[in-house]
Amino acid sequence: MAITAGMVKELREMTGAGMMDCKKALSETNGDMDAAVEFLRKNGQAKAEKKAGRIAAEGIVKTVVKDDKVAAIVEVNSETDFVAKNDEFQGFVEAVANQVVDSEAADLDAFMAEAWEADTTKTVKDALVEKIAVIGENLNIRRFEKVAADNGVVVPYIHGGGRIGVLVVADTDVVNDEIKVALKNVAMQVAAMSPKYVSREEVSQDYLDHEKEILLAQAKKENPEKPENIIEKMIIGRLNKELKEICLLDQVYVQDSDLTVGKYVDKVAKENGANVKVTKFVRFETGEGIEKKVDDFAAEVAAQAGM
């Protein structure tokens, strides 16, 4: 049976596997699409370990929330953005997130050793290796976090199709649509402004002392003639400005610059007769901290074409 470009495209969209791998699979299975998928799974299994050394800096972040009380956020990486948008890959990431929300694993090693919920004869690691075999790229379950709101609610936010994911946890004695919308707005703020802490109470004295030391050196260099008491006031002012940038509740609320995030939350709480306190947030950005490989696309095409 003649293998057409359309068939290769269809198989690649189904599996996310490489173009040449798809062509070979279809050739080996006489154009049978289902058999070609099986061929990719079986033939690629042995290649998974070889792919492990390749940089996986693309991918997506997903969140799962159960009953507004328990939530999970995961980052799973792929080598290319093409695979990250593939339904096969996205379905796998969703399954990973659903497993995390039910898991009691304290770290990634324990999680990888768990039985895979979709097929308990495999571990999570086995399922990952199998998915690498099907897709034909190195994949990596990079990190996860599970949170719980014992006295309130957890609200998720996904930005850019999974480029950034956020969970916001709040204690509240009222849980309604207005409160959830407000907390989603707070999660959007976290996605956009990337704070380090919820409030100043979380900032350690060690951090403050370190920042004061840096600011003191800067101020003395810039203003060598100024007396110590003026320098001290300058440092306090600069430190307060920095805290307003790194502490979520002190940040200017991006949707209303007349309010801080803390004042916005208080305003919504008052309007709903509620007591609302943001207690935690988690922010994952896909690929952050991973050095990405710069591909020469023309060279890749030439190599695949045997030029």
Side-chain angles (χ1 to χ4, degrees), residues 3 5 7-29 33-62 74-97 99-100 108 111-112 116 118-119 122-144 158 160-165 284-306:
I3 306 304
M7 294 167 68
V8 173
K9 181 174 180 289
E10 183 182 350
L11 182 59
R12 192 175 187 205
E13 287 175 349
M14 285 173 62
T15 65
M19 181 173 62
M20 300 306 289
D21 287 337
C22 288
K23 186 175 180 181
K24 182 178 180 182
L26 287 163
S27 297
E28 292 288 335
T29 57
M33 201 64 67
D34 291 337
V37 172
E38 277 301 302
F39 178 89
L40 285 170
R41 294 174 76 131
K42 292 174 182 176
N43 192 55
Q45 193 91 9
K47 298 179 182 178
E49 290 301 319
K50 292 182 181 179
K51 294 181 176 71
R54 303 201 314 224
I55 296 170
E58 300 296 336
I60 54 171
V61 175
K62 275 194 180 288
V74 300
E75 178 188 355
V76 181
N77 301 119
S78 60
E79 292 181 51
T80 65
D81 186 52
F82 176 84
V83 163
K85 294 175 180 176
N86 176 264
D87 288 343
E88 177 92 10
F89 176 77
Q90 296 216 1
F92 176 69
V93 180
E94 186 167 352
V96 172
Q99 175 128 356
V100 170
L108 198 54
F111 178 69
M112 296 296 280
W116 182 235
D119 181 351
K122 306 170 186 173
T123 64
V124 174
K125 184 176 181 180
D126 292 337
L128 174 65
V129 169
E130 185 175 276
K131 197 58 62 177
I132 291 170
V134 171
I135 289 177
E137 281 192 8
N138 185 28
L139 309 177
N140 180 38
I141 301 173
R142 186 186 182 198
R143 53 181 171 165
F144 69 85
I158 292 291
R163 188 173 66 83
I164 298 172
F284 284 0
E285 183 167 350
T286 302
E288 60 187 336
I290 302 174
E291 186 176 345
K292 296 188 180 184
K293 178 184 175 184
V294 179
D295 290 318
D296 185 337
F297 184 68
E300 182 183 340
V301 172
Q304 288 192 351

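The first residue of the sequence shown is numbered 1, and numbering continues consecutively from there.
Looking at every heavy atom in both residues, Gly161 comes nearest to Ile60 through O-CG2, 3.8 Å. Here the shortest heavy-atom pairing between Lys62 and Ile158 reads CA-CD1, 4.2 Å. Taking every heavy atom of both residues into account, Ser78 and Val83 meet most closely at CB-CG1, 3.8 Å.
Residues that satisfy the side chain to side chain donor-acceptor pair (under 3.5 Å) test with Asp87, not counting sequence neighbours, are absent from this structure. For Glu285, the side chain to side chain donor-acceptor pair (under 3.5 Å) partners are Arg163, Arg283, not counting sequence neighbours. By the side chain to side chain donor-acceptor pair (under 3.5 Å) test, Ser27 pairs with no residue at all, sequence neighbours left out.
The backbone N or O of Gly287 lies less than 3.5 Å from a partner atom in the side chain of Glu75, making a donor-acceptor pair. At distances below 3.5 Å, at least one donor-acceptor pair connects side-chain atoms of Asp126 with backbone N or O atoms of Thr123. A side-chain donor-acceptor contact under 3.5 Å links Glu137 to the backbone of Glu79. In terms of modelled atom types and a separation under 3.5 Å, the side chain of Asn77 and the main chain of Glu58 share a donor-acceptor contact.
In this structure, the ring of Trp116 has its center less than 6.0 angstrom from the ring center of Phe92.
Under the 4.5 Å side-chain criterion, counting only non-hydrogen atoms from C-beta, Thr286 is not in contact with Ile164. Taking the side chain as every heavy atom from C-beta outward, Asn86 and Gln90 never approach each other to under 4.5 Å. Inter-residue side-chain proximity for Val61 and Val74 is flagged as unmet; no heavy-atom pair is nearer than 4.5 Å. Considering only heavy atoms from C-beta on, Val76 comes within 4.5 Å of Phe89 through its side chain. Taking 4.5 Å as the limit, some side-chain heavy atom of Met112 sits within range of a side-chain heavy atom of Leu128.
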Run the numbers on Phe284 and Arg142 for side chain to side chain contact (heavy atoms under 4.5 Å, CB included), then give the verdict.
CA-CA 11 Å; Phe284 284 0; Arg142 186 186 182 198; over 6 Å; no
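The pair Lys131-Glu88 meets the salt-bridge criterion, with a side-chain N (NZ, NE, NH1 or NH2) lying under 4.0 Å from an Asp/Glu carboxylate O. The pair Glu130-Lys125 does not count as a salt bridge, with every side-chain nitrogen at least 4.0 angstrom from each carboxylate oxygen. The residues Asp21 and Lys24 are annotated as not salt-bridged, no charged nitrogen and carboxylate oxygen being separated by less than 4.0 angstrom.
Within the model, atoms CD of Glu10 and SG of Cys22 stand 10.5 Å from one another, a figure rounded to the nearest 0.5 Å. Rounding to the nearest 0.5 Å places CG of Leu26 at 5.5 Å from OG1 of Thr29. Between the CG atom in Asn140 and the CZ atom in Arg143 there is a gap of 11.0 Å [rounded to 0.5 Å].
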